[in-house]
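Worksheet: the structure to be examined is printed underneath.
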Amino acid sequence: MGERPVAPCAPELVVESDGGSQTMSPGRIYQVGRDPSSDIVLPDPRVSWRHAVLRAVAGHWSLEDAGSTNGTFLDGRRVTVCDVGPGAVIRFGNPDDGPALALTGAPGGGAPSAVSRPAATGTFRRPSAVHPLPGRTVRIGRGADNDLTVDDLVVSRRHAELRALPDGGHEIVDLGSHNGTYVNGHPVRRAPVVPGDIIGIGHSAFVLVGDRLQEYVDTGEVSLDVQDLSVTVPVRGGGPGERRALLDDISFPVGAKCLLAVVGPSGSGKSTLLGALTGLRPADRGTVLYDGRDLYRDYAELRARIGLVPQDDILHTQLSVRRALCYAAELRFPRDTGRQERLARVEEVIAELALRQRAEQPIHSLSGGQRKRVSVALELLTKPSLLFLDEPTSGLDPGMDRSVMTMLRGLADGGRTVVVVTHSVLSLDLCDRLLVLAPGGRTAYYGPPGETLRFFGFAQWPEAFEAFENDRERDWAARYRASPQYERYIAAATVQPHPHRARPPPPAPAPPRATGWGAQLSTLVRRYTAALTADRTFLVIMVALPFVMGAMTRALAGSRLTAETAVNALLILCVGAVLTGAANAVRELVKERAIYRRERAVGLSRSAYVTSKVVVLGTITVVQAVVLTLVGLLGVRTGAPGGRGVLFAPLAELTLAVALLAFTAMMLGLLVSALVRKEEVTMPLLVLLAIVQVVFCGALLKLHGVPGLEQLAWLVPARWALGAMAGTVDLARTVPGGLTADPLFRHATGTWLLDLGMLVALSAVLGLAVVRLLRRHEPAVMRN
């Protein structure tokens, strides 16, 4: 038998493209397409996800189209399968200007080198710049002294370093940046980097190709592709596993610089869709693609490029427009950003939103439309590419409605993708696309607003909404899917492939910001102090309350605490301290809930937020308690033995006890504010708190030795405060027998320290509970 002939080996080829070069070796199959995991990535919307295949066959290279939508072209001819070799130029998606691959002969053998694989399309079609690596370490940041300077305010002055490793590889090291460094969408402190990995820093992405670093800048012109979003919730009172759909297979594309309005009757899932699109409440099933990137997978990096304006105000309305925006800039920009840099950006958005004439006005004095402009200005500080608004025209008159929608039209034309959820149909003609949701969270229509009513067969919008309510059994989604509008505006317009419909991976948590905690706390304290001092009503109450309660104490005490006056005077001190502390705090968290939710979504520390409240309100409360005690008891003889307290002067001990009680009551007020959902219920609860303190403090009822009541009273701050004050004045000796025989009232060092120690312990426990309870009101994605 003769020897079997040996098949000739195909030569190596070098593929040149906009994304870099790659040496192709026989024995491998090379995928070409828009899929970031392809061997050769062509991030152009005309290129299919998996467009073509290059392989070596029997001594030559073969190109095979993989069923692409727009075709593969060689020498201007569309091809399905053909041989290629050095000198060939292949175009994808268009024979004239489609992205091209140029094939050349390899100068020598060797292992294939990786090609640039940008993990996003659209904005990253071509590198904005290509940077040679000047040395073994490349420092990246906003400062001019870096090896690679990034002109972006969300980037820290010294942000990260790309370091060469002894084995020839590279690693990226975050330098304690404010907004984090990311590799392939995931936050990192230190991570290896291989060619094709995407390093995310601010609005820029960097890809290592050979000895150069390609930079891609997100300029704002991004697309959004929504695929098969579904959200279900358990049916109340239903059986195990029984669920109700809030969103049911919602799919639609949103092009760059597009203004999309989402309308529908109540209960159609508009707010649920908004949570899914922004990543704050990820869908149970489906995908949201931010310019080709999975938003849920890369949420930690991409969230900074998404702006959200909720229906409620997200600024402290007592502050002026400029001052509120300046504080917001401090929280959102790196701590090393100079004051002038922040102020310049604030002035830019003030000018962009036509707010210059209102810049020094308190926000609460603005009209509804102007206040909405200020909320939008806040979100524009960090130059988001996607802007979402929830009911921005709610409660506005038709003129203001039109003004707000015209503003959004201008923002979209300026290079952003804008999505607005609205009940108003007055200005839909300004939008590029309209999504109509039917009850049950299904797509009833998607397309140009001008075709909507004609599609439904109605002359007016009220008739359409009545039909949704009256004909709930009708399958509006099936009717739309069978229409030419569906084929034109969804099926044919969707350039991204549909991956398998599975539950999205959990979004990556934000990188820890321990280094920024103190800076956040400083900004929050200053902002909160400014907001409180600008609230004249609060100031009047804050000043008047301790004087009123102190005057009542003075009237009861007279010149000396006697058997007839001592108990009542101490009781009034307790009530005054509780009312002062709790009244200061009982509204403060619930009234800022919308602000907290939004700031938490962009990286606000929960503990820094709570600590700022404790610092500011605690200082105010302690000062009020001191004033209350001095007005009530200064110059009053307490009846303590020898004119001394347990450890110090009686007045000093009484002041300390009242201050600790007021502070603990303030923490109790914060707990109530974290628990309730509406500000209106806080005042009745404040009254209830005062009554509970009076009943269980030990001045009216015998608590010691009464099972149940005694243990319940341990949780009441006034119980311990009254015990400490009673010990200071030796109430058991002044008013012998009866209630004063309580062991907590003894004039003894151990008892007095126990009373005060319990107040401190209760304050700490209440503070931890407040921090924990705030999680309930945060975006779902931030609870990880």
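These numbers come from the heavy atoms of this one structure, side chains and all, not from hydrogens, waters or symmetry mates. Numbers here are sequence positions counted from 1.
Looking only at side-chain heavy atoms (C-beta outward), Pro253 and Val226 stay at 4.5 Å or farther from each other. Considering only heavy atoms from C-beta on, Val254 comes within 4.5 Å of Tyr446 through its side chain. Between Thr393 and Met400 the shortest side-chain heavy-atom distance does not fall below 4.5 Å. At least one side-chain heavy atom of Gln624 sits under 4.5 Å from a side-chain heavy atom of Asn584. Side-chain atoms of Leu661 and Val578, non-hydrogen and from C-beta on, do get closer than 4.5 Å to each other. Looking at heavy atoms from C-beta onward, Ser271 lies out of side-chain contact with Val421 at the 4.5 angstrom threshold. When side chains are defined from C-beta on, Val602 counts as touching Arg332, because their heavy atoms get closer than 4.5 Å. The shortest side-chain heavy-atom distance between Arg142 and Val150 does not fall under the 4.5 Å cut-off.
A salt bridge (charged side-chain N to carboxylate O under 4.0 Å, His left out) with Glu778 holds for exactly one of Arg593, Arg606, Arg281; it is Arg606. Remark: of the listed residues Leu273, Asp228, Thr443, Leu273 is the sole one forming a side-chain contact (heavy atoms from CB on, under 4.5 Å) with Leu247. Of the listed residues (Val615, Leu532, Thr529, Thr580), just one forms a side-chain contact (heavy atoms from CB on, under 4.5 Å) with Ile620, and that residue is Leu532.
Listed for the Thr337 side chain is no donor-acceptor partner under 3.5 Å among the backbone atoms of Phe333. Here the side chain of Arg598 pairs a donor or acceptor atom with the backbone of Leu308 at under 3.5 angstrom. Under a 3.5 Å cut-off, the side chain of Arg345 and the backbone N or O of Ala329 do not form any donor-acceptor pair. In terms of modelled atom types and a separation under 3.5 Å, the side chain of Lys372 and the main chain of Gln311 share a donor-acceptor contact. Listed for the Thr621 side chain is no donor-acceptor partner under 3.5 Å among the backbone atoms of Gly581. Panel note: side chain Thr611, backbone Ser607; a donor-acceptor pair is recorded below 3.5 Å. In this structure a side-chain-to-backbone donor-acceptor pair under 3.5 Å is present from Tyr182 to Ala300. Side-chain atoms of Asp291 come within 3.5 Å of backbone N or O of Ser223 as a donor-acceptor pair. Side chain of Ser673 to main chain of Leu589: a donor-acceptor pair is present (N/O by atom type, distance under 3.5 Å, no hydrogens or angles). Side-chain atoms of Ser522 do not come within 3.5 Å of backbone N or O of Ala519 as any donor-acceptor pair.
When all heavy atoms are compared, the tightest approach of Thr278 to Ile306 is O-CD1, 4.1 Å. Among all heavy-atom pairs drawn from Tyr296 and Gly279, the shortest one is CE2-CA, 4.0 Å. Taking every heavy atom of both residues into account, Leu280 and Ala601 meet most closely at CD2-CB, 3.7 Å. Taking both residues in full, the closest heavy atoms of Leu381 and Leu325 are given as CD1-O, 3.8 Å, listed atom of the first, atom of the second, then distance. When every heavy atom of Val770 is checked against every heavy atom of Leu670, the shortest pair comes out as CG2-C, 3.8 Å. Of all non-hydrogen atoms in Ala534 and Gln318, the two that sit nearest each other are CB-O, 3.7 Å.
No side-chain N or O of Ser251 forms a donor-acceptor pair with one of Gln227 less than 3.5 Å apart. With 3.5 Å as the limit, one finds no donor-acceptor pair spanning the side chains of Ser230 and Asp284. For the residue pair Gln361 / Ser365, a side-chain donor-acceptor distance below 3.5 Å is found, with atom types taken as modelled. For the residue pair Asp218 and Tyr290, a side-chain donor N or O sits within less than 3.5 Å of a side-chain acceptor on the partner. Using modelled atom types, one finds a donor on one side chain and an acceptor on the other under 3.5 Å when comparing His423 with Glu391. Under the 3.5 Å distance criterion, with hydrogens and angles disregarded, a donor-acceptor pair is assigned to the side chains of His159 and Ser177. Checked by atom type, the side-chain pair His316/Glu592 shows a donor-acceptor distance below 3.5 Å. Between the side chains of Arg373 and Gln370, no donor N or O sits under 3.5 Å from an acceptor N or O.
Atom CG in Asp535 sits 8.5 Å away from atom NE2 in His364 (nearest 0.5 Å). The structure places CD1 of Ile250 at 7.5 Å from CG of Leu229, a figure rounded to the nearest 0.5 Å. Taken to the nearest 0.5 Å, the CG atom of Leu524 stands 6.5 Å off from the CD atom of Gln520. Going from atom CG of Asp312 over to atom OG of Ser375 covers 9.5 Å, rounded to the nearest 0.5 Å. Atom CZ of Arg371 sits about 7.5 Å away from atom CG of Leu366, to the nearest 0.5 Å. Atom CZ of Arg342 is separated from atom CG of Leu331 by 10.0 Å, given to the nearest 0.5 angstrom.
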- Message: Set out, in order, the CA-CA distance, both residues' side-chain angles and the distance that settles side-chain hydrogen bond (donor to acceptor under 3.5 Å, both in side chains) for Ser424 and Thr422, then state yes or no.
- Response: CA-CA 5 Å; Ser424 174; Thr422 180; 4.7 Å; no
- Task: Give the intermediate values and the outcome of side chain to side chain contact (heavy atoms under 4.5 Å, CB included) for residues Asn179 and Val155.
- Result: CA-CA 7 Å; Asn179 288 311; Val155 174; over 6 Å; no
- Item | Audit row: Asp174, Arg190, side chain to side chain contact (heavy atoms under 4.5 Å, CB included) steps and yes/no | CA-CA 6 Å; Asp174 185 83; Arg190 178 189 296 263; over 6 Å; no
- Can you list the steps and then say if Leu302 with Arg293 is a side chain to side chain contact (heavy atoms under 4.5 Å, CB included)? CA-CA 9 Å; Leu302 297 179; Arg293 300 180 67 177; 3.8 Å; yes
- Task: Walk me through it: do Leu380 and Leu411 pass the test side chain to side chain contact (heavy atoms under 4.5 Å, CB included)?
- Result: CA-CA 10 Å; Leu380 294 188; Leu411 292 176; 3.8 Å; yes
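A salt bridge does not link Glu330 with Arg339: every distance from a Lys NZ or Arg NE/NH1/NH2 to an Asp or Glu carboxylate oxygen is 4.0 Å or more. Salt bridge annotation for Arg158-Asp336: absent, with no cationic side-chain nitrogen under 4.0 angstrom from a carboxylate oxygen.
Tyr596 pairs by the ring-ring contact (aromatic ring centres under 6.0 Å, His included) definition with Tyr609, not counting sequence neighbours. With sequence neighbours excluded, no residue forms a ring-ring contact (aromatic ring centres under 6.0 Å, His included) with Phe663.
A 6.0 Å sphere centred on CZ of Arg526 holds more than 12 heavy atoms belonging to other residues, nucleotides or ligands.
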Could you list the donor-acceptor pairs under 3.5 angstrom formed by side chains in residues 681-688, with sequence neighbours left out?
{"residue": "Thr682", "atom": "OG1", "partner": "Glu679", "partner atom": "O", "Å": "2.7"}

